[in-house]
Number of protein chains: 2
Amino acid sequence: MRRRTEPPGLTLAERKRQLVRDELGDAALRLLARQGFEETTVDQLAAAAGVSRRTFFRYFASKEDVVISFIGLVGEQIVAEVEARPAGEPPAVAIREAVKAVTVEDFTENREKSVALIRHTLQIPALRARFAERQDLLRDDIAEALARRQDLPEPTPRLHFAAGLGLLAFAGALKHWAEVDGHADPAAVLDAAFTEAGKAFAL
Amino acid sequence: MRRRTEPPGLTLAERKRQLVRDELGDAALRLLARQGFEETTVDQLAAAAGVSRRTFFRYFASKEDVVISFIGLVGEQIVAEVEARPAGEPPAVAIREAVKAVTVEDFTENREKSVALIRHTLQIPALRARFAERQDLLRDDIAEALARRQDLPEPTPRLHFAAGLGLLAFAGALKHWAEVDGHADPAAVLDAAFTEAGKAFAL
DNA sequence: CCGAACTTGGCACTGAGTGTCAACTGTGGC
DNA sequence: GCCACAGTTGACACTCAGTGCCAAGTTCGG
């Protein structure tokens, strides 16, 4: 089955698979940026990467998934980081720091690509919808991570709200950062968004 | 074109249209409850209401829309109520009271139907996704209503977060209320959810 | 009774997403 | 080198959502 000894952590086949996936993703992003999301069919996406339509769907569950899957990756990492934060830390801080740990470096290094990705995601209705869907699912995962972090069997409502508001702050920061073309310190933008979010429900 | 004098507020044609829409909605909800969402095709939905497939899509933009459109109605009303709240009131309170004004009576009167609707929406992935999408759009609308209410040209980030957290509280209350089969005072459940949400980001 | 506006159903079409199968490729064991 | 085996691929066929178009009703005002 799987190889028992995996030199750098991955099987050759797995690295190959990742290569195809990357190529598919890159080609798709280029094509979508050029002719728009709705105007591009999956056939074109597949052709652009030199594979069949059927193969495209073996790598991505849907057309939207090519764009959104990046966010899925980020989500997984955020969940892992949240869980690793010290149990005594307030949920809001844990989420904020987790988000920062996952995104800041990445955004700074790939500024242009990140900006383009965020723009597309927030502007094209179909993508925005999928983004909202992902966030919805991610909220549950983060709430559970927050609970595990402090040895609770399951998340309290309050942790759910904390996770939700944290994601709202994250999304708000993304939007703002993309609006200034990524010409701002991601960490500062995130901090500002979280601070502002914290004040939103004051009475 | 439209009639100039509309006796009880609506044209005959408009009331007729509403009738068909209601019938379509009722039939759909019955059918979906019986055989599940994914397992039901639009053809069946249309047939159940004695109408052609094509006509179905003249009343609802998508299959999900039959279920979700109820929420769209509620959303519009909430936006209107929010805008009508006094300008001095904190955003969180404005939203809470607006939601209460729109939903409490309705939920109390149509308990069973409401519970079923909420259950479906939150449990079936495709519906949950559309629900998240609607919430996402509604958030912007509520934020704008909050801004108009206090004569701001456009919503501040803080108002966006308030709108978002308000909707999280609303959704949380819906979930909880459905979980206890609607055997709880909707107003109390909402109040509790909003209070809890307000504490979620405390440091 | 007539014409304008609207509704409806039927038909054809595009495009997303899935199941299935046969051909191919690489890997490991012998 | 050869063989079995697991995984990948492309091709084909199919279902189903959603849309454009048109011809046949229906309704209502004049």
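Naming: A, B, ... by sequence-line order, numbering from 1 per chain.
Atom CZ in A:Arg15 sits roughly 15 Å away from atom P in C:dG26 (whole-Å rounding). Atoms CG (B:Leu45) and C1' (D:dT15) sit 16 Å apart, rounded to a whole Å. When rounded to the nearest whole Å, the span between CD of A:Glu23 and C1' of D:dT9 equals 16 Å. If you take CZ of B:Arg21 and C1' of C:dT7, they are 16 Å apart, rounded to a whole angstrom.
For the atom pair CG (A:Leu45) and CG (A:Leu29), the distance works out to 9.5 Å, reported to the nearest 0.5 Å.
With distances taken from any side-chain atom of B:Arg58 to the nucleotides C:dT8, D:dT9, D:dT27, the minimum falls on C:dT8. When distances are taken from the side chain of A:Val51 to each of D:dT27, D:dC22, D:dG10, the shortest belongs to D:dG10.
The phosphate of D:dT8 (OP1 or OP2) has no side-chain N or O of A:Tyr59 nearer than 4.0 angstrom. For the OP1/OP2 pair of D:dG10 and a distance below 4.0 Å, the side-chain nitrogens and oxygens of A:Thr55 include at least one atom meeting the criterion. Between A:Arg17 and D:dG7 there is no side-chain polar atom (N or O) within less than 4.0 angstrom of OP1 or OP2.
One finds no salt bridge joining B:Asp106 and B:Lys113 here, because no Lys/Arg side-chain nitrogen approaches an Asp/Glu carboxylate oxygen to under 4.0 Å. Ion pair A:Asp140/B:Arg128 flagged as a salt bridge, since at least one NZ, NE, NH1 or NH2 atom sits closer than 4.0 Å to an Asp/Glu carboxylate oxygen. A salt bridge links A:Glu83 to A:Arg148: one of the charged nitrogens lies within less than 4.0 Å of a carboxylate oxygen.
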**Complete:** Protein heavy-atom contacts under 4.0 Å, written 5' to 3' over nucleotides 13-18 of chain C as B (base), S (sugar-phosphate only) or - (none), form the string --SSBB

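Judged by the 6.0 Å distance and 45° axis criteria, B:Arg139 is not positioned over the aromatic ring of B:Phe161. Because its NZ or CZ atom is not both nearer than 6.0 Å to the ring centre of A:Phe170 and within 45° of the ring axis, A:Arg96 does not count as a cation-pi partner of that residue.
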